[in-house]
Engineer: 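I have a structure I would like to understand better, so I am pasting it below and will then ask my questions one at a time.
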Amino acid sequence: MPRARAVTAAIAAAKAEFAARSGLLTGNLLLGAADGVESSSLPALLGTFHRLYPGISVQLVEGASANLVPKVRQGSLDAVFVAVPLEGLDPAEHRVLVRDEIVALVACDQPQARQASLSLEELSSVPLITYGQDSGLYPRLRKTFDEAGLPLRPAYATNHVALQLELVAAGVGIALAAGAAGGIARDPRVTVVPVTPRIPYAKALMWRAGPHLSAPLRALLDLLNSAVGPAPTR
């Protein structure tokens, strides 16, 4: 069965290559996306990609970073938008699309909403709402709390920032969320408060390695290179 799938994939890649050389690029592109992709530059990039290559079918697969990274490395996905892990990624196989830091979301009627920042000690003493262990941002939170000698014990765990925000507004506790997440600064029920020390993070588009990339994936990477520059060399 794996051999049959490999043969089928090779035939599909050859057909896409022929179409590309004929001036009409077709085929399929499988992209994985972790939460927060809507606040990155990827949607705009895909908009341009669609206008240039309307014959390519793009399928977006949602998931957590910890689950998506193995899928692109195994070849079941062409590329994924994920949080950059603590150990980093090969510079030649990813582009950072978002750089920001984790912030605290506090209900406006709570006293912490009037503070200039919140320390880890203060956060560890209240019910916390934050990401689950399969999130790419969870290891950064865990590392920061561990280095401060404090426990990280979320009362509620969800990778969806929109749900984190609703739980904060409902009075469940304080959330630790990605600062770049869309909508959090515009919700009148919630105040965004910086965290001390800072917990920076990056989210990137990571693609399948290898010399035989499909024509649709190469087209997407060429478009990405024209937007943000070529990949750095090792």
Side-chain angles (χ1 to χ4, degrees), residues 1-100 135-137 178 180 182 201-234:
M1 185 63 69
R3 183 177 179 82
R5 284 199 295 266
V7 171
T8 301
I11 293 172
K15 289 181 177 179
E17 179 71 18
F18 178 79
R21 294 185 180 184
S22 302
L24 178 62
L25 189 59
T26 62
N28 299 307
L29 188 63
L30 296 176
L31 300 179
D35 191 61
V37 65
E38 70 281 355
S39 303
S40 74
S41 59
L42 187 58
L45 182 72
L46 290 176
T48 303
F49 185 78
H50 173 70
R51 289 188 290 274
L52 292 174
Y53 308 108
I56 294 178
S57 174
V58 179
Q59 181 180 350
L60 291 170
V61 178
E62 293 184 282
S65 295
N67 298 325
L68 292 174
V69 169
K71 289 182 179 180
V72 76
R73 286 177 172 159
Q74 295 162 5
S76 58
L77 292 174
D78 293 307
V80 291
F81 174 83
V82 293
V84 176
L86 289 174
E87 65 272 18
L89 295 170
D90 187 332
E93 297 170 4
H94 82 282
R95 293 289 186 287
V96 171
L97 302 184
V98 175
R99 290 189 187 276
D100 211 297
S135 165
L137 295 182
Y201 69 88
K203 293 189 175 183
L205 185 71
M206 171 189 173
W207 53 87
R208 187 173 65 225
H212 304 297
L213 302 181
S214 69
L217 179 56
R218 285 206 310 273
L220 180 67
L221 297 183
D222 287 344
L223 186 60
L224 182 63
N225 287 342
S226 67
V228 302
T233 57
R234 293 186 181 182

Engineer: Might you point out which heavy atoms bring G63 and L68 nearest each other, and give the distance in Å?
Structural biologist: O-CD1, 3.6 Å
Engineer: Out of V72, V84, D90, which residue meets the side chain to side chain contact (heavy atoms under 4.5 Å, CB included) rule with M206?
Structural biologist: V72
Engineer: Hey, could you give me the CG/OG distance between L137 and S65, rounded to the nearest 0.5 Å?
Structural biologist: 7.0 Å
Engineer: Which pair of non-hydrogen atoms, one from V96 and one from A202, has the smallest distance, and what is that distance?
Structural biologist: CG1-CB, 4.1 Å
Engineer: Could you report the tightest heavy-atom contact between L205 and A79, atom names first, then the distance?
Structural biologist: CD1-CB, 4.1 Å
Engineer: Using only atom types and a distance under 3.5 Å, with no angle test, would you say the side chain of T26 pairs donor to acceptor with the backbone of G55?
Structural biologist: no
Engineer: Between L30 and V58, is any pair of side-chain heavy atoms under 4.5 Å apart?
Structural biologist: no
Engineer: Please report the closest heavy-atom contact between G36 and F81, naming both atoms and the distance.
Structural biologist: C-CE2, 3.9 Å
Engineer: Under the criterion side chain to side chain contact (heavy atoms under 4.5 Å, CB included), which of N225, L221, L89 is the partner of R95?
Structural biologist: N225
Engineer: Looking at V98 and A180, what are the two nearest heavy atoms and their distance?
Structural biologist: CG1-CB, 3.8 Å
Engineer: Counting only heavy atoms from other residues, nucleotides and ligands, does the tally under 6.0 Å from CD of E38 exceed 12?
Structural biologist: yes
Engineer: For the atom pair CG (L42) and NZ (K203), what is the distance rounded to the nearest 0.5 Å?
Structural biologist: 12.0 Å
Engineer: Main chain of R73, side chain of R208: is a donor-acceptor contact present, judged purely on distance under 3.5 Å?
Structural biologist: no
Engineer: For L217 and D78, which heavy atoms make the closest approach, and how far apart are they?
Structural biologist: CD2-O, 3.7 Å
